[in-house]
Structure formats: structure tokens, C-alpha cells
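For reference, the structure discussed in these notes is given below.
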Number of protein chains: 2
Amino acid sequence: MQTRALHTLVRVSILGSFAKVAEEMNTTISTVSMQIKAIEEQLSVEIFDRSHRPPKLTPVGKAVCEKAKLILGAEKELLALSGQENELAGNFRIGFVATASVRLLPDFLKNAQENALHASFELETALSEVLEARVQSGILDAAVVTESERERSDLEYHLLRRERLMFAVPKKFADQPVEALRSKLPFLQFNPGSGIGKLIQQHMSGSSTTGNKQDIVLESVEAIIACVNEGLGFTLLSEPDIRRYASATCGIVPMKTDELVRHLSLAIPKSRFSDGARQQLIGLFGE
Amino acid sequence: MQTRALHTLVRVSILGSFAKVAEEMNTTISTVSMQIKAIEEQLSVEIFDRSHRPPKLTPVGKAVCEKAKLILGAEKELLALSGQENELAGNFRIGFVATASVRLLPDFLKNAQENALHASFELETALSEVLEARVQSGILDAAVVTESERERSDLEYHLLRRERLMFAVPKKFADQPVEALRSKLPFLQFNPGSGIGKLIQQHMSGSSTTGNKQDIVLESVEAIIACVNEGLGFTLLSEPDIRRYASATCGIVPMKTDELVRHLSLAIPKSRFSDGARQQLIGLFGE
DNA sequence: ATACTAAGTTCAGGAATTTTGAATATGCAA
DNA sequence: TTGCATATTCAAAATTCCTGAACTTAGTAT
């Protein structure tokens, strides 16, 4: 019997969804489904009632989960005997993509002080691509980056935040369809060399005809929103970034059609950390 | 983490030898070694001190075993929730090779009465080959047979007894080398159509020149030993069989060179029983 | 109702792990 | 020291596990 599958089961019983667990464990829904099915077959027991969505635990399923927790608890004790450092200890260099540092860094440092007593951190900020290269070369131990579609290299990505991209437009234009704005207002584009900048550019070039107003490229989220606040243009940025700086004169318009989402993830080299340490590090980024 | 490996570890800690555990679990020493190594690597801990033979548990190793027992205990509770019958229940047809039935059957029935309350048994005896065929065809649920080198078919074999073959010779010839006897006494050969008979024949034809006395074939162990008791010939049979019938006039001579051993095993179809039931059934054959 | 969407299942292949048998090494005992 | 039983190593074979794509289904919006 595989304790990994039991762990999956317990997480599903807590999060209530295969999909969330798959994401949490950096694997696919398919795998989660297979693992659960394997347990059900080994025990010849129906753990989930599939006639509901999300699947609900059967009474036996609940009992199985309870026993599984006991096993996992015992396993944890066993792992605690491990000779290797299973706790975050020592000095670590962590990179933050610039656009995330403002919001994530303070909480991270606070959590680190409270929950990682044996670890100290050196921090730096740069573009996602640069950070990833530095993690790969071993200069950094880990980095918070905007995940993109390109090669996932040899790094492991652990999702920290999922941020929806939204339009910030001056209040007086807020009721117009954003497609129409392109011809009336300059589009304020965040640095297209950055990870999120690429996401934005990709969307704007795909969904609109080129505007006749002159677009402006800026490297500061704060500056961009300040411009929107003043009615000088509109922009597309991640929701938390917009809300941080938006004044009363700034309207926030969610995207209609395809949800464009920015994934902020912690990138680490495969097997750079022990399971316990990795878990602890990810925990420092809060929920 | 694989509970199978933990189980292996715990058994090794109890039996004190990789080899014994490999046999008990119907697998190879190599597998046992690999499983233990895997645990040691996962924990980065040295569980056994290899500078001793048999390997002795280190202090950490002892601690690991204790935790492993907790995990296995919890796992057992989980398995107990199983929907399937995990206990021997119902009616079973068991075959016994004739030469083993005298000694094994009484104890088996006693154990069954005490430890398999929900099971009843129908028994039959025949030659090993016949029994194996009947197990394969589903007429029998299991059979105690003399294991031979030939095709292991689709059956699973669980070793029950390891019996050494010895010579039984009249006392007055007991101090002579057995090789010399062949020319002075008839050899009393047990039915060469049976599993053990083949083992015996194989050995006798290989190690001695053909005797000038007339050899005798009998189908009864008891009759053969009775003849030896009377000084009418000598024989080669399994130690417990000889001791059962030998009188004071019968000498028992162990084999010098290669240990010829008879393996009495329980043959069952693969996956005919659940793990628990199989375990229980094997247990009914005593130590 | 109908169609849509998000969530789970199934399946086949590919990746990773485990098992095995043969060859090799090592401790213990004579 | 040899002999022997036992354990380790190694590479191939068997097995298990994971993945991505296609498919199904429950809940929801139209």
C-alpha cells in the first residue's frame, strides 16, 4: 500500500475536490482519480459517491479517511527519525519577480520570522526569466515567478497565487465595452519584457485592432494606475495590483470572455529541498 | 512510502535474517535487500550494521522498526474496513500428497477447528502432480505437494516444511559408508511415480553404480521402514518419515555431501485468496 | 428543456519503480 | 586459510504509476 495515495485521499476529504488536490500536489486530476480508485479497489469499498459533484464521502469513506490519517500520522513520526535535515535550516536566497514583491514580501518575512526559526533569507528581485535562470544555475534557491507556457526547464513549480487580469479604466468610460476604448484612450502597457507583460500584450494584440491613440509603455504598476486614476488611459493588470492603487475615479472591469489568469508560482530545482523543507517553504507564502 | 517494504523490515527485525524473510514472503533475498536499502535511503539512516552477519539492527534501526510497526498496525485497521471477505470462510477442498497427510493432516484439522471457525474443509490425497492439476482446474482450492523443479505453472507455492532426506539402514550396517551398501543390500525405493520418489531415484541413480542386489519398489513408507527394521534392505526417505516408524534396529544416516531436501509446499492458484485468508490458511499448517 | 461548463473518468503510451537472477563480495566457522 | 551461507550489486524484465487526450456527467446558465 502506497501512503501517497492515502495522503491524496485525506486531502480530498478536506478540500472536497479532486481538482484542488491535484493542483495542491502538483499533479493531474487523472492521477488523483486513479489513486482514489486504486484504494477503493484494494479495499473493495466505495469511498466516494460519484452521483454528486463534487463527489461526497460515503460513510465507509469517512471511516477509511480516519484510518488513513492514523497511518499518515505514524508515517510522519517515522519520517521524523530521518537523518537528513527535514526542516528549513540555514541561509536561503529567494528571488521575487518585481511585480509580486510588493504584496508577497512583507507577509513572507513575517511568516519566516515566526515559522522558520532556523532559516535566514537573502532576497532579490528581477524579471521571471532572469530569476528562473538564476535558480537553475544554483545562485538562487528558489524564486517567485509568473508562470508562462514556455519550457518548464528542470524546475518544479508550486502555485502560490492565481490572479485574474482585469481592466482598469477611468470611471467615465467604465460602462463602455473595453473593445471600444482602444480607439478613444491610450492603452497603458506594463513592461512587455516581463512575464506578466507578455501575457497582457498577447491578449491585447489578439483581441483588438490596433488603437489609433498612442499606447504607452511603463515599468511601474503604481505609475500606470496613477495615470488611469487621472483619466489618461486604461490598462490591463492583475486584480490585486489594480486594487492596491486604484482611486475612486478608477473603474475595474473584469474580462468578459476567456479568463486571463496570472499564475504566481514558486520555482525550485527538482529535489533541491527535502519534502518537509519544501512544504515548509511554500507554507511561508501564506494562503 | 510503500508499506510492503516496512513489513519486510519488521519481519527481518524479528526473524533476524534477510534470507528467512525472503523465503517467508515468497520472494528473493535480493528484493529484501533492495527494499531495506530503499527505506534507508529515503530516511538517510543506517538501519542495519552490515559489519555483522546476520546484519544487526542499529539503535536508529530499532526506532525505525517501532514506528514501522505502528504504521503497519494502522494499516491493518484500515484493511479491516475492507468490504471483501478477508477471513477464511466457506467450504474449501484441500489436497494432501499422500506421504505428507499422515503427519500434517491431524494438526491441520485441529488448527482449523480452533482458528478457522467459519471455514469447513473437504480433504483428499493423491500424488503431487495430480493435486496440482486439480488445483489449477479449480477442483481443489489448495494442495500440499512436494515441490519439484519443473514448471511452476500458474500456481503460487508457500513453503510449509523443509525435510532432509536420510538413509535408513539396519543397525549392523550403520557404520559402513552408504555407497558400499548398494552391493550388499537391496535398496527399498519409494514409488518413483511420486514427487519425492523422483527426488530419491534421481539421487540414487546419480551417486551409485547399479547394485547387484535386486532393488524393491514399495508404495508404503511404513512398509519400507518395517523392512529396514527387519534388516531386509536400506532406503532413502525424508527424516520425519523414517523417525516415525524406525525401531531400535534401524540406523539413521544423514547424507554426507549435497543436502537433498524435500520441500513440502502449499500450492494455490494466484489470487485465489485475499491476503488475509491466504495468511490464515498457511497458518493452519503450524510452524 | 437545452446547451454549456467545470469536474471526473477512462484509456493507452511512456516514465518510473520494483523485482529478479547472475555475478560478486563478505562475514563467520572450521 | 578455505568453505559456505548470506548479503549486495547490476542490468534486464516485469510491474506499477503518471500523463495527456478523449470522453462522460452533474450542476448551471440560457
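Computation of the quantities below employed the complete heavy-atom set of this structure, encompassing side-chain atoms and omitting hydrogens, waters and symmetry-equivalent molecules. Letters go in sequence order (proteins before strands), and every chain restarts at 1.
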**Report entry** C:dA7 OP1/OP2 closer than 4.0 Å to side-chain N/O of A:Lys20
**Finding:** no

Query - Side chain to side chain, A:Val10 and A:Leu6, heavy atoms closer than 4.5 Å - result: no

Requested in this report: Output, in order, the C-alpha distance, side-chain angles, deciding distance and verdict of salt bridge (Lys or Arg N to Asp or Glu O under 4.0 Å) for B:Glu163 and B:Arg262.
Outcome: CA-CA 5 Å; B:Glu163 303 178 345; B:Arg262 172 202 205 185; 3.2 Å; yes

Query raised in the report: Will you find, in the side chains of A:Thr3 and A:Glu75, an N or O donor that is under 3.5 Å from an N or O acceptor?
Result: yes

Requested in this report: Measure the distance from CD1 on A:Ile36 to C1' on C:dT10 and round it to the nearest whole Å.
Outcome: 16 Å

Requested in this report: Return the value, rounded to whole Å, for the distance between atom CD1 of A:Ile29 and atom C1' of C:dT10.
Outcome: 14 Å

Query raised in the report: How close or far is atom C1' of C:dT10 from atom CZ of A:Phe18, stated in whole angstroms?
Result: 14 Å

Requested in this report: For residues B:Phe48 and B:Phe18, establish whether the separation of their ring centroids is below 6.0 Å.
Outcome: yes

Report summary line: note: A:Lys270, atom NZ; C:dA15, atom P; distance rounded to Å ~ 13 Å

Report task. Output, in order, the C-alpha distance, side-chain angles, deciding distance and verdict of side-chain contact (heavy atoms from CB on, under 4.5 Å) for B:Ile268 and B:Asp141. Result -> CA-CA 7 Å; B:Ile268 58 178; B:Asp141 297 300; over 6 Å; no

**Report entry** A:Ser274 and A:Asn86 side chains, donor-acceptor separation under 3.5 Å
**Finding:** yes

Query raised in the report: How would nucleotides 25-30 of chain D be written as a contact map, 5' to 3', with B for base contact, S for sugar-phosphate-only contact and - for no contact, using protein heavy atoms under 4.0 Å?
Result: BSS---

Report task. Using atom CE of B:Met1 as one end and atom P of C:dT18 as the other, report the distance to the nearest whole Å. Result -> 11 Å

Query raised in the report: Taking only side-chain nitrogens and oxygens of B:Ser33, does any of them come within less than 4.0 Å of OP1 or OP2 of D:dT8?
Result: yes

Query raised in the report: Atom CG of A:Leu15 to atom P of C:dA7: distance rounded to whole Å?
Result: 13 Å

Query raised in the report: For the pair made of CD in B:Glu46 and P in D:dT8, what is the distance, rounded to whole Å?
Result: 11 Å

Report task. Specify the separation, in whole Å, of atom CD1 of B:Ile39 and atom C1' of C:dT17. Result -> 15 Å

Query - Point-to-point distance, once rounded to the nearest 0.5 Å, from CG of A:Leu155 to CG of A:Leu131 - result: 11.0 Å

Query raised in the report: Any donor and acceptor pair, going by atom type alone, linking the side chain of A:Glu40 with main-chain N or O of A:Ile47 inside 3.5 Å?
Result: yes

**Report entry** B:Leu79 vs A:Met1 side-chain heavy atoms within contact, under 4.5 Å
**Finding:** yes

Report summary line: Scoring nucleotides 12-23 of chain D by protein non-hydrogen atoms under 4.0 Å (B base, S sugar-phosphate only, - none) yields -----SSBB---

